[in-house]
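What you see below is based on every heavy atom in this structure, not just the backbone, and it leaves out hydrogens, waters and symmetry mates.
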Amino acid sequence: MRICYFIQNHRAAPQLARLIGTLRRFQADALILVGHDELAGLASADEIRRAVEADVFALREPGQRGYFSLIQPYFDALEWLARQDASYDWIVYLSGQDYPVQSLKRFEARLLAGDADGFLRFWEAWNPDNPWGRASQGIHRYGYQYRDARGWSREALRLLRSLNGIQKRMHVHLTYGPRIGRRRPAPFGPGLVCYGGRQWTTLSRACAEHVLEESRARPDLMEWFRCTLCPDEAVVQTLLANGARFRLVDDDLRYVDFAGERRGHPRTLTVADLPELTRGPYYFGRKLDLETDPELFDRLDSWIDGSGD
């Protein structure tokens, strides 16, 4: 089995190189592809290419929270793999701030178990029992078409936002924006359920190729998601989870902690999180920062090197 690790990177070269070095230590023949955000100003794609043992392409635009630009690199990676006719059996979608928390031999064994075609968080976006806690969250994200309102005054936006709770034709969103959405007939219905989830996934090649084929076949759906909020947390799930073709496990195999954080950003982990990282059913943790807590990387390396086969 050959695993492709696609790493969407917005970090400096040292942390990326450390992640790739750890992946290579366990799986020397892994295919590692990096989509690097050189527009973040930390390093150029050429500098990253010289610093790491991986294939690298530059992101076409900076990733912006809440916008399609955050998931576009994944589709670019799938297109790259298709053009190269690359040999892989699974694709693992990582950020540059992810890091293994178990032996990757154990991770490989989990994929080889053969009881699943994909591991990802997914739920019906408009179901009131979803993890967001209310159906309106999914409707506001994926039932409206948004445009930027950066030229509007704060006073006007706040006034319009005050109308969110008393009418449904328009929705003002200030967390990722500001943006103004209009309620339009959505492409979802009995034949196409809108699914939400989390961005980071582990998919078999068959699942990944299905996602790519569906994205090419449904430009209308892709265009709809481009004008929604946080499409990175729905588009892959919606393309993949409709129908019963694949055995999907509602688990992304990652440890992430949103406690005490706002605006959807997970907390940066420290060495104090090591017990939880290493005793749970996780294979990767996020997000880690080499400059903030290098000891956590050292302790994780020692743990995964000795955590058995």
Checklist entry - With hydrophobic residues grouped by side-chain heavy-atom distances under 4.5 Å, do L239 and L70 end up in a single group? => result no
Checklist outcome for this item: For R83, the salt bridge (Lys or Arg N to Asp or Glu O under 4.0 Å) test, sequence neighbours excluded, returns none
Item to check | Working for side chain to side chain contact (heavy atoms under 4.5 Å, CB included), residues Y282 and L253 | outcome: CA-CA 5 Å; Y282 317 112; L253 310 178; over 6 Å; no
Item to check | Point-to-point distance, once rounded to the nearest 0.5 Å, from NE2 of H36 to CZ of R49 | outcome: 10.0 Å
Checklist entry - Quick one: does NZ or CZ of R205 land under 6.0 Å from the six-membered ring centre of Y88, within 45 degrees of the ring axis? => result yes
Checklist entry - Got L59 and L39 here, is their nearest side-chain heavy-atom distance under 4.5 Å? => result no
Checklist entry - Any idea which heavy atoms bring F75 and V236 closest together, and the distance? => result CZ-CG2, 4.2 Å
Checklist entry - Which atoms form the tightest heavy-atom contact between F188 and V193, and what is the distance? => result CD2-C, 4.4 Å
Checklist entry - What about Y283 and L248, same hydrophobic cluster or not, with Ile/Leu/Val/Met/Phe/Trp/Tyr joined at side-chain heavy-atom distances under 4.5 Å? => result no
Checklist entry - Hey, quick one: are L33 and V92 part of the same hydrophobic cluster, counting side-chain heavy atoms closer than 4.5 Å, chains of contacts allowed? => result no
Item to check | Under 3.5 Å donor-acceptor, T201 side chain and L203 backbone | outcome: no
Checklist entry - Going by an N to O cut-off under 4.0 Å, is there a salt bridge joining D115 and R247? => result no
Checklist entry - Is the closest basic N to carboxylate O distance between E233 and R141 below 4.0 Å? => result yes
Checklist entry - Is it true that D37 and R11 make a salt bridge, defined as a side-chain N closer than 4.0 Å to a carboxylate O? => result no
Item to check | Chi angles and distances behind the side chain to side chain contact (heavy atoms under 4.5 Å, CB included) call for I180, D148 | outcome: CA-CA 6 Å; I180 297 176; D148 284 339; over 6 Å; no
Checklist entry - F6 and W80: aromatic ring centres closer than 6.0 Å? => result no
Next on the checklist: Going by ring pair (Phe, Tyr, Trp, His ring centres under 6.0 Å), name the residues that satisfy it together with F26, two or more places apart in sequence or in a different chain.
Outcome noted: none
Checklist entry - Salt bridge check: are R267 and D257 linked by an N-O gap of less than 4.0 Å? => result yes
Next on the checklist: Quick check: closest heavy atoms across R121 and P131, and the distance to 0.1 Å?
Outcome noted: NH2-CG, 4.0 Å
Checklist entry - So, does E124 use its side chain to make a donor-acceptor pair with the main chain of W126 at under 3.5 Å? => result no
Item to check | Backbone of G133 reached by a side-chain donor or acceptor of Q137 within 3.5 Å | outcome: no
Item to check | Interatomic spacing from CG in L240 to OG in S215 - rounded to 0.5 Å | outcome: 12.0 Å
Checklist entry - Is the backbone N or O of L269 less than 3.5 Å from a side-chain atom of D273, with the two atoms forming a donor-acceptor pair by type? => result no
Checklist entry - Say you draw a straight line from CG of L16 to CD of Q97; how long is it, rounded to the nearest 0.5 Å? => result 11.5 Å
Checklist entry - Taking side chain as C-beta onward, heavy atoms only, is Y142 less than 4.5 Å from F225? => result yes
Next on the checklist: Quick check for you: to the nearest 0.5 Å, what is the distance between L19 atom CG and N9 atom CG?
Outcome noted: 8.5 Å
Item to check | Exercise: do R226 and Q72 side chains pair donor with acceptor under 3.5 Å | outcome: yes
Next on the checklist: I'd like to know if D29 and R2 make a salt bridge, using a cut-off of under 4.0 Å between side-chain N and carboxylate O.
Outcome noted: no
Checklist entry - At their closest point, which heavy atom of R65 faces which heavy atom of C230, and how far apart are they? => result NH1-SG, 3.8 Å
Item to check | Any P128 side-chain heavy atom under 4.5 Å of R134 side chain | outcome: no
Checklist entry - Under the 3.5 angstrom rule, does the side chain of Q145 hit a backbone N or O of R184 as a donor-acceptor pair? => result no
Checklist entry - Which residue pairs satisfy the side chain to side chain donor-acceptor pair (under 3.5 Å) criterion with at least one member in residues 149-163, sequence neighbours excluded? => result Y67-R150
Checklist entry - Between the main-chain N or O of I304 and the side-chain N or O of Q102, is there a donor-acceptor pair closer than 3.5 Å? => result no
Item to check | Partners passing salt bridge (Lys or Arg N to Asp or Glu O under 4.0 Å) against E53 (at least two apart in sequence or in another chain) | outcome: R24
Next on the checklist: Please tell me whether F246 and H210 form a close aromatic pair, meaning their ring centres lie under 6.0 Å apart.
Outcome noted: yes
Item to check | Between Y99 and Q15, a side-chain donor and acceptor under 3.5 Å | outcome: no
Next on the checklist: Could you check whether any side-chain N or O of T292 sits under 3.5 Å from a backbone N or O of L288, counting only pairs where one atom can act as donor and the other as acceptor?
Outcome noted: no
Next on the checklist: On a heavy-atom basis, which atom in T22 and which in P100 lie closest, and how many Å separate them?
Outcome noted: CG2-CG, 3.9 Å
Checklist entry - What's the verdict on side-chain hydrogen bond (donor to acceptor under 3.5 Å, both in side chains) for S95 and D98, showing C-alpha distance, side-chain angles and the deciding distance? => result CA-CA 5 Å; S95 82; D98 288 19; 2.8 Å; yes
Next on the checklist: Is the shortest side-chain heavy-atom distance between D232 and Y74 below 4.5 Å?
Outcome noted: no
Checklist entry - Going through the checks in order, is the side chain to side chain contact (heavy atoms under 4.5 Å, CB included) test met by T202 and F107? => result CA-CA 11 Å; T202 296; F107 178 57; 4.1 Å; yes
Checklist entry - Hey, are the side chains of D89 and S204 touching, using non-hydrogen atoms and a 4.5 Å cut-off? => result no
Checklist entry - Is the Y144 ring parallel, tilted or perpendicular to the H171 ring (thresholds 30°, 60°)? => result tilted
Checklist outcome for this item: CZ (F57) and CD1 (I48) are apart, to the nearest 0.5 Å, by 13.0 Å
Next on the checklist: Do C4 and L81 have side chains that approach each other closer than 4.5 Å (heavy atoms only, starting at C-beta)?
Outcome noted: yes
Next on the checklist: side chain to side chain contact (heavy atoms under 4.5 Å, CB included) for I3 and L31? Distances and angles first, verdict last.
Outcome noted: CA-CA 6 Å; I3 298 175; L31 172 57; over 6 Å; no
Checklist entry - With sequence neighbours left out, which residue pairs that include part of residues 189-199 fulfil the side chain to side chain donor-acceptor pair (under 3.5 Å) condition? => result Y93-Q199
Next on the checklist: Between E291 and R18, does any side-chain N to carboxylate O distance fall below 4.0 Å?
Outcome noted: no
Checklist entry - If we only count heavy atoms from C-beta on, is the V172 to N164 side-chain gap below 4.5 Å? => result yes
Item to check | Pairing of E79 and R216 as salt bridge, 4.0 angstrom limit | outcome: yes
Checklist entry - What heavy-atom pair brings A45 and A58 nearest, and what distance separates the two atoms? => result CB-CB, 3.9 Å
Checklist entry - Taking NZ, NE, NH1 and NH2 as the nitrogens, is one of them in R299 or D293 under 4.0 Å from a carboxylate oxygen of the other? => result no
Checklist entry - Is the number of heavy atoms from other residues, nucleotides or ligands within 6.0 Å of CZ (R182) greater than 12? => result no
Next on the checklist: List the residues meeting ring pair (Phe, Tyr, Trp, His ring centres under 6.0 Å) with H173, not counting sequence neighbours, and say none if there are none.
Outcome noted: Y176
Item to check | ILVMFWY network linking W303 to L23, side-chain heavy atoms under 4.5 angstrom | outcome: yes
Checklist entry - W90 and V34: same hydrophobic cluster, using ILVMFWY side-chain contacts below 4.5 Å? => result yes
Next on the checklist: When you compare the side chain of Q8 with that of L94, does any pair of heavy atoms fall below 4.5 Å?
Outcome noted: no
Checklist entry - Does A125 offer a backbone N or O that forms a donor-acceptor pair with the side chain of N130 under 3.5 Å? => result yes
Next on the checklist: For G66, is there any backbone N or O sitting under 3.5 Å from a side-chain donor or acceptor partner on R179?
Outcome noted: yes
